[in-house]
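Heads up: the structure comes next, in structure tokens.
Numbered from 1 within each chain, the chains take letters A, B, ... in sequence-line order.
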Number of protein chains: 4
Amino acid sequence: MAGMATGRTAVGKKTRMQRSEEVRDTLFQAAAEVVGEYGYIDASITRITQRANLAQGTFYNYFASRQEIFDELLPVLGAKMLAHIRQQAGGAKTFLEKEELSFRAFFSFLKRMPYFLRILNEAEIFAPKAHRQHFRNITAGYLRFLQNARKNGEIAALTDEALEPLVYMLIASRGYLALRYTDENGVVNLPEEAVTVYLQLLGDGLTQRAPKG
Amino acid sequence: MAGMATGRTAVGKKTRMQRSEEVRDTLFQAAAEVVGEYGYIDASITRITQRANLAQGTFYNYFASRQEIFDELLPVLGAKMLAHIRQQAGGAKTFLEKEELSFRAFFSFLKRMPYFLRILNEAEIFAPKAHRQHFRNITAGYLRFLQNARKNGEIAALTDEALEPLVYMLIASRGYLALRYTDENGVVNLPEEAVTVYLQLLGDGLTQRAPKG
Amino acid sequence: MAGMATGRTAVGKKTRMQRSEEVRDTLFQAAAEVVGEYGYIDASITRITQRANLAQGTFYNYFASRQEIFDELLPVLGAKMLAHIRQQAGGAKTFLEKEELSFRAFFSFLKRMPYFLRILNEAEIFAPKAHRQHFRNITAGYLRFLQNARKNGEIAALTDEALEPLVYMLIASRGYLALRYTDENGVVNLPEEAVTVYLQLLGDGLTQRAPKG
Amino acid sequence: MAGMATGRTAVGKKTRMQRSEEVRDTLFQAAAEVVGEYGYIDASITRITQRANLAQGTFYNYFASRQEIFDELLPVLGAKMLAHIRQQAGGAKTFLEKEELSFRAFFSFLKRMPYFLRILNEAEIFAPKAHRQHFRNITAGYLRFLQNARKNGEIAALTDEALEPLVYMLIASRGYLALRYTDENGVVNLPEEAVTVYLQLLGDGLTQRAPKG
DNA sequence: AATGAATGAGGATTCATTCAT
DNA sequence: TATGAATGAATCCTCATTCAT
């Protein structure tokens with residue numbers, strides 16, 4: 001039995017379910033690209049299915065409506081983003097190290113998935129439910145991370161009420177920086193200084209004269 | 001006074017140009033409200049002119065297209081925002097004082113103009129040119145302000161290349177906090193802790209143990 | 001003032017409202033014809049507006065939806081039918097006379113408005129609300145007429161509970177006969193014998209041997 | 001018995017043809033139910049095959065098109081109706097007796113096959129050929145019956161030209177009464193008065209003062 | 001300048017039918 | 001023969017924009 005391709009029958013023939021999964025993925029990928037390139041508004045079913053090399057009607061064998069695929073875009077890709085960040089920041093020891101790694105990881109993810117940023121940003125308008133959910137995910141995790149750092153004495157003893165706005169500020173920073181340093185081709189190019197100043201803010205703030213000893 | 005083109009003629013009668021300006025303003029104000037309430041997508045010409053108590057066709061006597069009025073929304077209102085912030089933060093002496101005042105001023109502006117936030121946020125998608133221009137305005141001024149503070153030794157000696165991303169991070173923070181603390185009725189309600197933590201980031205950062213002496 | 005065309009301004013110019021009414025009528029008439037020829041199912045907006053020599057979009061300036069105009073067809077034309085029948089049967093004295101005249105009037109109306117029969121029949125399926133209302137109108141009037149004839153001793157002393165099914169049977173007869181004697185071009189041609197036998201049923205029934213004296 | 005094409009092979013195994021017949025029947029029955037419940041318009045292939053617990057494609061192994069099964073519905077079920085009526089009215093002696101029995105039989109058939117009425121009525125629109133054929137069947141038989149009664153002197157000596165419209169009127173009466181007295185659940189409930197008045201029309205008509213002696 | 005009706009391009013969606021497995 | 005995915009034609013409806021009055 002060794003070497004038998006999982007889910008395949010006999011020799012190289014795919015099962016119907018596999019084929020079906022593949023087509024669905026093709027549509028999903030096409031939608032992600034089209035939304036990334038043209039925005040949700042101009043991501044018509046025509047465009048999506050053309051990109052996927054399928055007939056318009058085929059779309060509706062896999063998604064109940066245009067909105068349905070829109071609502072699925074962010075959750076799926078957002079999870080990938082989180083996975084990527086976790087993987088990249090996994091080895092970090094200190095708070096600042098972890099911050100740096102996950103900060104950088106966000107941008108390296110955008111490099112790999114240039115269309116993600118637009119999907120993320122426009123989701124607030126075109127897939128608000130998905131967007132809210134995504135933010136809840138992100139912020140909840142981030143909040144726990146900060147609470148931990150606080151417990152360990154790695155950051156100042158801020159109340160939970162202060163931590164939450166802090167989370168929003170940090171996420172906001174990433175988002176706007178990504179926007180700012182993405183060129184017209186959708187390629188992000190973050191200057192190293194952005195990392196430095198982000199970490200400085202987190203570290204010693206702006207007004208200190210001398211580094212902490 | 002007779003024959004004077006601008007101003008009023010004799011007794012309370014408005015000149016043609018004044019009348020025209022008024023109608024244009026009415027449309028502009030209507031558009032701002034409608035976009036604020038329904039978003040650009042659902043800000044149809046029908047809705048805008050209805051709100052302005054005018055006929056659909058009248059719109060095109062004042063604006064060449066729907067996009068044109070969309071493109072005008074942010075520049076005009078953004079200027080108002082800047083004026084408000086400058087006026088509020090005018091008396092501040094130190095860097096942090098000025099930051100606090102203008103930070104608060106942003107939110108007090110939103111209280112007065114609840115529809116501004118949506119206009120601002122969605123402009124990125126629906127009036128990208130205006131959005132870019134608005135950001136250039138904002139960031140340029142902010143940058144000068146930070147350069148000044150740097151010259152005065154009020155903040156760390158960061159390079160210009162670091163200052164620019166910093167500007168984006170600070171503006172981003174305001175934007176996301178506004179979004180986060182705006183309720184479903186469009187009313188913003190910023191917790192005091194948000195101000196505190198914003199200023200702490202700017203001041204001493206997160207990781208310090210003891211306040212600077 | 002004599003001779004002044006009502007609703008017209010000055011010389012031959014129509015007011016906007018008049019134009020509007022006319023266009024609406026044109027659409028209504030087009031819809032009636034198209035439904036009469038092709039049935040509701042194939043009465044697409046395209047067909048209706050083409051027949052009216054108008055653009056598709058114009059339709060929606062006058063009717064909120066396709067269903068809306070469908071729902072209006074029967075009430076309007078049904079009222080015309082009733083008016084025609086009343087006018088034709090007005091002079092009748094006796095019960096049977098009135099029956100004969102209105103029976104004939106139904107068919108003469110169909111001659112004038114060949115598309116009415118299909119509109120009426122298919123309305124049961126495609127405009128059920130309008131159809132129910134139409135039937136309530138028709139049957140209510142018919143019932144009162146029979147009650148009157150009963151009071152005057154012109155027909156047998158049937159209970160109200162018997163009168164109602166009777167009404168349905170009489171209306172049914174007209175409807176099916178119309179269907180039966182309408183050719184493929186939509187032209188109705190009722191044989192005189194149909195009138196005779198209808199009246200005989202009402203009069204003496206079928207099983208009598210000799211006419212009543 | 002081995003090798004016999006029709007019937008069953010040996011032990012309970014069905015022949016291919018039997019199996020095939022069964023599937024076809026399943027589809028037919030499913031279609032009848034679905035049309036009865038939702039009407040022809042909403043009797044999609046999806047619905048029909050789902051009701052039959054078969055895949056969509058299977059449908060086309062047994063029927064060339066959706067229209068084909070629609071065209072088959074009324075002939076098959078109409079024959080059942082006729083059989084039922086004949087069986088119920090078989091024992092009747094006189095004309096009026098037979099009329100009463102078959103009149104009642106029509107309604108008892110509807111009680112057993114609630115979906116028949118809708119199939120019958122809507123067939124005029126959605127399966128016009130079948131509908132015409134069905135009517136030819138029905139009316140031809142009815143006509144012979146009336147001609148017989150005429151020959152026997154049981155009814156008035158009407159010409160054939162008068163008999164035909166009469167047939168339509170009688171059938172029409174049943175149809176409309178069924179419609180009128182069917183509730184929203186598709187259950188028919190004919191008041192006894194309807195029978196009475198139907199028979200009175202046939203018997204002595206409406207205008208007689210005293211019953212025939 | 002104000003009006004509001006006319007226009008028609010464009011897009012989502014449905015569903016009978018085909019077809020490869 | 002059964003399956004169910006793929007197809008694409010067809011249709012309703014929206015709305016920015018134009019234009020005659």
Next item on the list: Could you state the atom-to-atom distance from CD of D:Glu68 to C1' of E:dA16 in whole Å?
Entry: 14 Å

Checklist line | Value in whole Å for how far the P atom of E:dT14 lies from CZ of D:Arg47 | finding: 12 Å

Note to self: Salt bridge or not between B:Arg51 and B:Glu37? Use side-chain N to carboxylate O under 4.0 Å.
What the structure shows: yes

Note to self: Using a 4.0 Å heavy-atom cut-off, does D:Ser20 contact any base of the nucleic acid, only the sugar-phosphate backbone, or nothing at all?
What the structure shows: nothing

Item checked: Distance, rounded to the nearest Å, where D:Leu27 contributes CG and F:dT3 contributes C1' -> 13 Å

Next item on the list: Let me know, please, whether A:Asn53 or C:Arg66 comes out on the 5' side of the other along DNA chain F by nearest nucleotide.
Entry: A:Asn53

Next item on the list: Please give the nucleotide sitting opposite E:dA1 as a Watson-Crick or G-U wobble pair, both distances under 3.5 Å, or none.
Entry: none

Next item on the list: Take C:Ser65 and D:Gln56, find for each the nucleotide of DNA chain F with the closest heavy atom, and name the residue whose nucleotide sits nearer the 5' end.
Entry: D:Gln56

Item checked: Donor-acceptor side-chain pairing of A:Tyr115 and A:Gln29 below 3.5 angstrom -> yes

Next item on the list: Please work out whether the ring planes of A:Phe126 and B:Phe126 are parallel, tilted or perpendicular, with thresholds of 30° and 60°.
Entry: tilted

Check: Within the structure, does a side-chain N or O atom of D:Tyr62 lie under 4.0 Å from either OP1 or OP2 of F:dA2?
Finding: yes

Notebook entry, point to check: Taking the side chain of B:Val23 as heavy atoms from C-beta outward, which of F:dT17, F:dA16, E:dA2 is closest to it?
Noted result: E:dA2

Next item on the list: Flag the pair A:Ile119 / A:Tyr40 as yes when at least one side-chain heavy-atom distance between them is below 4.5 Å, and no otherwise.
Entry: yes

Notebook entry, point to check: Does A:Asn61 get its side chain close enough to the base of F:dA6, under 3.5 Å, for a donor-acceptor pair?
Noted result: yes

Next item on the list: Round to a whole Å and report the spacing from CD of C:Glu21 to P of E:dG4.
Entry: 16 Å

Notebook entry, point to check: Given atom CD1 of D:Ile45 and atom P of E:dT18, what is their separation to the nearest angstrom?
Noted result: 11 Å

Notebook entry, point to check: To the nearest Å, how far apart are C:Gln18 CD and E:dG4 C1'?
Noted result: 16 Å

Checklist line | Separation of E:dC15 P from D:Gln67 CD (nearest whole Å) | finding: 16 Å

Next item on the list: Name the residue closer to the 5' end of DNA chain E, choosing between A:Tyr60 and C:Leu54 according to the nucleotide with the nearest heavy atom.
Entry: C:Leu54

Check: Do NZ/NE/NH1/NH2 and the carboxylate oxygens of A:Arg19 and A:Glu22 come within less than 4.0 Å?
Finding: yes

Check: With both distances under 3.5 angstrom, what nucleotide forms a Watson-Crick or G-U wobble pair with E:dT17?
Finding: F:dA6

Item checked: Whole-Å distance separating the CD1 atom of B:Ile69 from the P atom of F:dT17 -> 12 Å

Checklist line | Salt bridge A:Glu33-A:Arg118, side-chain N to carboxylate O under 4.0 Å | finding: no

Notebook entry, point to check: Is the phosphate of E:dT3, meaning OP1 or OP2, less than 4.0 Å from a side-chain N or O of B:Thr58?
Noted result: yes

Margin query: Can you tell me the base-pairing partner of F:dT11? Count Watson-Crick or G-U wobble geometry only, both distances below 3.5 Å, and say none if there is no partner.
Written below: E:dA12

Notebook entry, point to check: Of the nucleotides F:dC12, F:dA16, E:dG8, which one has an atom closest to the side chain of C:Ala55?
Noted result: E:dG8

Note to self: Here's a test of your reading of the structure: between A:Ile41 and D:Phe59, which maps to the more 5' nucleotide of DNA chain E?
What the structure shows: A:Ile41

